[in-house]
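Quick note on labels: first sequence line is chain A, next is B, and so on, each numbered from 1.
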Amino acid sequence: AQSVTQPDIHITVSEGASLELRCNYSYGATPYLFWYVQSPGQGLQLLLKYFSGDTLVQGIKGFEAEFKRSQSSFNLRKPSVHWSDAAEYFCAVTGGGNKLTFGTGTQLKVEL
Amino acid sequence: DVKVTQSSRYLVKRTGEKVFLECVQDMDHENMFWYRQDPGLGLRLIYFSYDVKMKEKGDIPEGYSVSREKKERFSLILESASTNQTSMYLCASSHGGEENEKLFFGSGTQLSVL
């Protein structure tokens with residue numbers, strides 16, 4: 001069965017600092033991987049996805065993520081965080097088809 | 001832009017009541033989903049549908065049913081609400097085909113069962 005682990009429940013960074021959110025997955029074959037963001041009071045919005053090819057993927061709002069098969073990881077990064085990035089971030093995995101398995105989320109707080 | 005609309009933002013019901021949560025999408029998407037979101041547990045899939053009148057169980061279907069009579073509408077039904085069904089419910093839709101994993105979410109319904 002597929003699964004996703006987001007080891008950090010909460011992360012606090014200063015505005016302008018770099019950010020890395022961790023995601024580890026478990027899946028028997030090549031996974032499809034996603035990062036979604038949920039702003040307060042909103043549904044989830046897709047930031048980026050990895051299906052195949054280049055292991056470094058670019059997303060919206062200046063985010064990127066790198067797929068590392070050897071580490072079963074798909075960490076999300078941003079070089080300089082803005083106060084508006086404060087939200088909850090979810091990593092998700094599927095083997096194809098649209099039944100996604102989500103992680104438990106990481107709450108990001110940005111200090112001004 | 002795709003719009004997924006959930007009929008209520010907040011809902012308060014009593015134990016034993018029959019509860020309907022409605023979701024409508026306006027982009028002719030084939031696939032629709034119901035998730036519940038709980039702190040520390042992330043999102044868990046309750047039911048999903050690939051087509052009108054078709055439904056499949058997700059990871060936690062117990063205590064829930066669904067209805068999809070029209071392509072744009074997907075209803076979640078709690079036959080007899082219980083306090084452990086207090087949660088945030090999120091509806092999502094996706095297009096069939098190459099991008100069927102890209103989900104579009106509604107803003108959610110916070111259900112409280114007293």
In this structure, are over 12 heavy atoms from other groups packed under 6.0 Å from B:Leu41 atom CG?
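Enclosed: over 12 neighbouring heavy atoms sit under 6.0 Å from CG of B:Leu41.
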
Supply the atom-to-atom distance A:Thr94 OG1 to B:Leu103 CG, rounded to the nearest 0.5 angstrom.
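These two atoms lie 9.5 Å from each other.
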
Which distance, rounded to the nearest 0.5 Å, do you find between the NZ of B:Lys102 and the CZ of A:Phe34?
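It is 10.5 Å, given to the nearest 0.5 Å.
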
Test side chain to side chain donor-acceptor pair (under 3.5 Å) applied to B:Gln37 - qualifying residues, sequence neighbours left out:
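Partners of B:Gln37 by the side chain to side chain donor-acceptor pair (under 3.5 Å) criterion, ordered by chain and then number, come out as A:Gln38.
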
Is [X] linked to [Y] within one hydrophobic cluster, defined over Ile, Leu, Val, Met, Phe, Trp and Tyr using a side-chain heavy-atom separation of less than 4.5 Å?
{"X": "B:Val19", "Y": "B:Leu90", "result": "no"}
{"X": "B:Leu78", "Y": "B:Phe33", "result": "no"}
{"X": "B:Leu21", "Y": "B:Val4", "result": "no"}
{"X": "A:Ile60", "Y": "A:Leu108", "result": "yes"}
{"X": "B:Tyr50", "Y": "B:Phe74", "result": "no"}

Summary of disulfide bond (SG atoms under 2.5 Å apart) pairs that have at least one residue in residues 21-90 of chain A, sequence neighbours excluded:
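Listed by first then second residue: A:Cys23-A:Cys91.
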
Hey, which residues of residues 105-114 of chain B are touching chain A, say heavy atoms under 4.5 Å apart?
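Counting heavy atoms that sit under 4.5 Å from chain A, the residues of residues 105-114 of chain B involved are B:Phe105, B:Gly106, B:Ser107.
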
Indicate yes or no: at least one non-hydrogen side-chain atom of A:Leu46 is less than 4.5 angstrom from one of B:Phe104.
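No - every pair of side-chain heavy atoms lies 4.5 Å or more apart.
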
Are A:Leu100 and B:Phe48 close enough that some pair of their side-chain heavy atoms sits under 4.5 Å apart?
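Not in contact.
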
Could you look at B:Arg9 and say if it's the side chain, the backbone, both or neither that has a heavy atom under 4.5 Å from chain A?
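Answer is side chain: those atoms of B:Arg9 sit under 4.5 Å from chain A.
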
Toward chain A, the part of B:Leu43 with a non-hydrogen atom under 4.5 Å:
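Both parts, heavy atoms under 4.5 Å.
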
Need one label for A:Gln6: side chain, backbone, both or neither, based on atoms under 4.5 Å from any heavy atom in chain B.
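Neither part.
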
Between A:Leu44 and chain B, which part of the residue has a heavy atom less than 4.5 Å away: side chain, backbone, both or neither?
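For A:Leu44, backbone and side chain are both near chain B.
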
Can you list the residues that meet the salt bridge (Lys or Arg N to Asp or Glu O under 4.0 Å) rule with B:Glu56, with sequence neighbours excluded?
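With neighbours one apart ignored, the set is empty.
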
